[in-house]
Protein chains: 4
Amino acid sequence: MARPRSDIRRTSILEAATRVISAQGLAAAATSAIAKDAGVSNGSLFVYFDTKSTLLNALYVQLKKEMADAAFADLPASADARAQLRHLWSRWLAWATSHPDKRRTLAQLEVSDDISAESHNLVRESQRDMADLLERSRAGGPMADVPISFALVVTGAIADATMDALIRDPSAPEARSEAAFEAVWRVLAG
Amino acid sequence: MARPRSDIRRTSILEAATRVISAQGLAAAATSAIAKDAGVSNGSLFVYFDTKSTLLNALYVQLKKEMADAAFADLPASADARAQLRHLWSRWLAWATSHPDKRRTLAQLEVSDDISAESHNLVRESQRDMADLLERSRAGGPMADVPISFALVVTGAIADATMDALIRDPSAPEARSEAAFEAVWRVLAG
Amino acid sequence: MARPRSDIRRTSILEAATRVISAQGLAAAATSAIAKDAGVSNGSLFVYFDTKSTLLNALYVQLKKEMADAAFADLPASADARAQLRHLWSRWLAWATSHPDKRRTLAQLEVSDDISAESHNLVRESQRDMADLLERSRAGGPMADVPISFALVVTGAIADATMDALIRDPSAPEARSEAAFEAVWRVLAG
Amino acid sequence: MARPRSDIRRTSILEAATRVISAQGLAAAATSAIAKDAGVSNGSLFVYFDTKSTLLNALYVQLKKEMADAAFADLPASADARAQLRHLWSRWLAWATSHPDKRRTLAQLEVSDDISAESHNLVRESQRDMADLLERSRAGGPMADVPISFALVVTGAIADATMDALIRDPSAPEARSEAAFEAVWRVLAG
DNA sequence: TATGAATGAGGTTTCATTCAT
DNA sequence: AATGAATGAAACCTCATTCAT
């Protein structure tokens, strides 16, 4: 029993939340402000999300997934680890720079206490592919012996830093992206 | 001639803020909760800080400074860049792991909209020494041509990731710290 | 489609404000006290009035209008100026003596800094009819050459004084009212 | 045992209160603001006045007395009632126009709930001279039979209205004052 | 289901007054 | 006596959530 109209509303609320949070910060993002930005009534928001926290968690998981999907799109299946990581890196940064509000919102949600352990776990699972690729990338390299989660976090940190730098100062994105990728590769593979 | 304003009180408020924020998150850190935790009346807090925002900014700047001071303590002045960075790295991580609440609070403040541009500038100036050291470290290496601010951010990001990993899973800190330092060095100096 | 905003509620808030202000004074009239007196939740008050100041201004304008309407009710259209002013004067005093709380509230609001210039202007316009009547009353008399606004203010001042005197000491209202009207007429028409 | 230094302080606090109240309104006149304006510490204010209310009452009584003294200064003792009232009227208006802040403060205090019945009584007594003069002025006139207090209030109301008009629009003060006096005389003596 | 008014707990800040110095 | 920090009770207002329509 599909509810197409409902899905549109749900989506528009999530999009509005992204806009409001990225513009005014998480603290100032009232549910009423989100609802109004979505062109939806105050009460309707709570039809689609039981709780503000529910909404934030849903948004977090969805943005994370969207970012991962963008990164893995058109991955050259038969290429070697470096070429694949390279491809992914470029897609990743492209997504971040073309959706700065989503990126900024994600940064806010990442440190929010509203995001539950369950959501963090969900996201971690969706990063399985990423972990596999990193595993292959670091094989035989200096990072081979630390927990893979650490490699993931460090890679993510460099990616975040790069995204923020690119968004803040959009000049010469290619060179910056290139330099950052080489740095990541040195971190992983030596 | 009246009761003098007490540094102890001011400090205890800042410490209480650190505790409350790290325990409950920035959003849930009410001034009344901070005051109570500091063993001070609600109104007293506003004797020492005009505004909640003022308090948060002061806390941010102080924690940043404290972290930098801890990192640069006992720096071997005549050593080469790698040895100095190594020393600093180890002090840095030691500070973070022995003050997990300060570290967590700092992470929250870093993304808060309450932290003013002025505070960020103040902090940036206090990172001048760090920038100099990174400058010497990357000389001749693959990161020599990107803006120094980018090198700073990436180094900071790896440090943050390492700190969080160490705090979350405190096993084998030496090995992890060692691995992370080598990663940073590869990033900077190749 | 939702519960409509209720005029009854709005009115009951304004009435409660009148009661609280007249009983305890403007300074002591907390929004919470007004809401409670109106039998309405604290937050509801702010559904109907964005701000305490908004509420006070609305109350001021409404009371002024109500007073003017009461004064002009059943005005004998074809009578001469003196008869009309006489009629108005008696209605005016009757309103004030039968609504002492409104009268007292008005006196408080009149000197409040919360009442905006806009509200004062609104009220002034609603006194146009009054100004016209005074204009006709003073024609050829000793007050013919001062600004009409001055005649208005003086008349209003005598009225205020009379109202206060009648409310404070309600004995022989007719004689007092009569004496005051004759005084006003002497002021205007000589 | 004179306390000249203290008297100076007491006076400076009262003067500061006048300034602050006339500038910002009674509601916004915090004791700390008054103390600061007086160049005195917060706590000192409460050495001279037990309570904010005490201060306001003292200020009210003093300003009223000052106004009365100014009005009666140099009264031609042997002149007839009209000449004396004329003289008084002119002094009265002169005081108000040369001390607009005192006048404005008085207007605020007049309606404040902080002013006690006792203060009002004190003031009424100090108006005994005024009442006597009005008594002589209205003798044989149309106002001869109403309570003298009513004559006092009406006269005061016209005076207030005139003062406010003069302060708001200082053009042609002589003519306005003259017109107002004639109006008062018509009210009292017909 | 959609709406938006209703609710009331809770947040920040002010301020008269007290008290240690 | 003078000072100004300390106090805590309000005050105004916001906002997540509920509920009548």
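Only a predicted model underlies this, so the values are computations on that prediction, with no experimental measurement involved. A note on names: the letters A, B, ... follow the listed sequences, proteins ahead of strands, and every chain is numbered from 1.
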Verdict with reasoning, D:K65 to D:D69, per side chain to side chain contact (heavy atoms under 4.5 Å, CB included): CA-CA 6 Å; D:K65 186 173 174 355; D:D69 287 350; 3.0 Å; yes
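Not a single donor-acceptor pair under 3.5 Å links the side chain of D:T51 to the backbone N or O of D:S53. Side-chain atoms of D:S112 do not come within 3.5 Å of backbone N or O of D:Q108 as any donor-acceptor pair.
What you find for B:I115 and B:L109 is that their closest heavy atoms are CG1-O, 3.3 Å. For B:D114 against B:L56, the heavy-atom pair with the smallest separation is OD2-CD1, 3.7 Å. Nearest heavy-atom pair across C:Y48 and C:S6 is OH-N, 2.9 Å.
The phosphate of F:dA6 (OP1 or OP2) has a side-chain N or O of B:R9 nearer than 4.0 angstrom.
One interatomic measurement links the two molecules: CZ of B:R5 to P of F:dT7, which rounds to 14 Å at whole-angstrom precision. Taking atom CD1 of B:I13 as the reference point, atom P of F:dA5 lies 13 Å away to the nearest angstrom. Across the protein-nucleic acid pair, D:F49 atom CZ and F:dA2 atom C1' stand 16 Å apart, rounded to whole Å. For A:D114 and F:dT17, the CG to P distance is 10 Å, given to the nearest whole Å. Between B:Y48 atom OH and E:dT13 atom P the separation is 18 Å, expressed in whole Å. Counting to the nearest Å, the P atom of F:dC15 and the CG atom of A:D37 are 15 Å from each other. Atom C1' of nucleotide E:dT18 and atom CG of D:L45 are separated by 14 Å, given to the nearest angstrom. The interatomic distance linking D:K36 (NZ) with F:dG4 (C1') rounds to 12 Å, in whole Å.
Each of C:S6 and A:S44 lies near DNA chain E, and the nucleotide nearest A:S44 is the one positioned closer to the 5' end.
One finds the CD1 atom of C:I13 at 11.5 Å from the CG atom of C:L59 (value rounded to the nearest 0.5 Å).
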Base-pair map of DNA chain F as dot-bracket, where | denotes pairing with a different strand and pairs are Watson-Crick or G-U under 3.5 Å: .||||||||||||||||||||
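Just one of B:R104, B:R103, B:K64 meets the salt bridge (charged side-chain N to carboxylate O under 4.0 Å, His left out) condition when paired with B:E110; it is B:K64.
Checking E:dT7, E:dA5, F:dT3 against every side-chain atom of C:R3, the shortest atom distance belongs to E:dA5.
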Letter per nucleotide, 5' to 3', of nucleotides 9-14 of chain F [B base touched, S only sugar-phosphate touched, - untouched; heavy atoms, 4.0 Å]: --SSBB
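In this structure, the side chain to side chain contact (heavy atoms under 4.5 Å, CB included) partners of D:S41, at least two apart in sequence or on a different chain, are D:S44.
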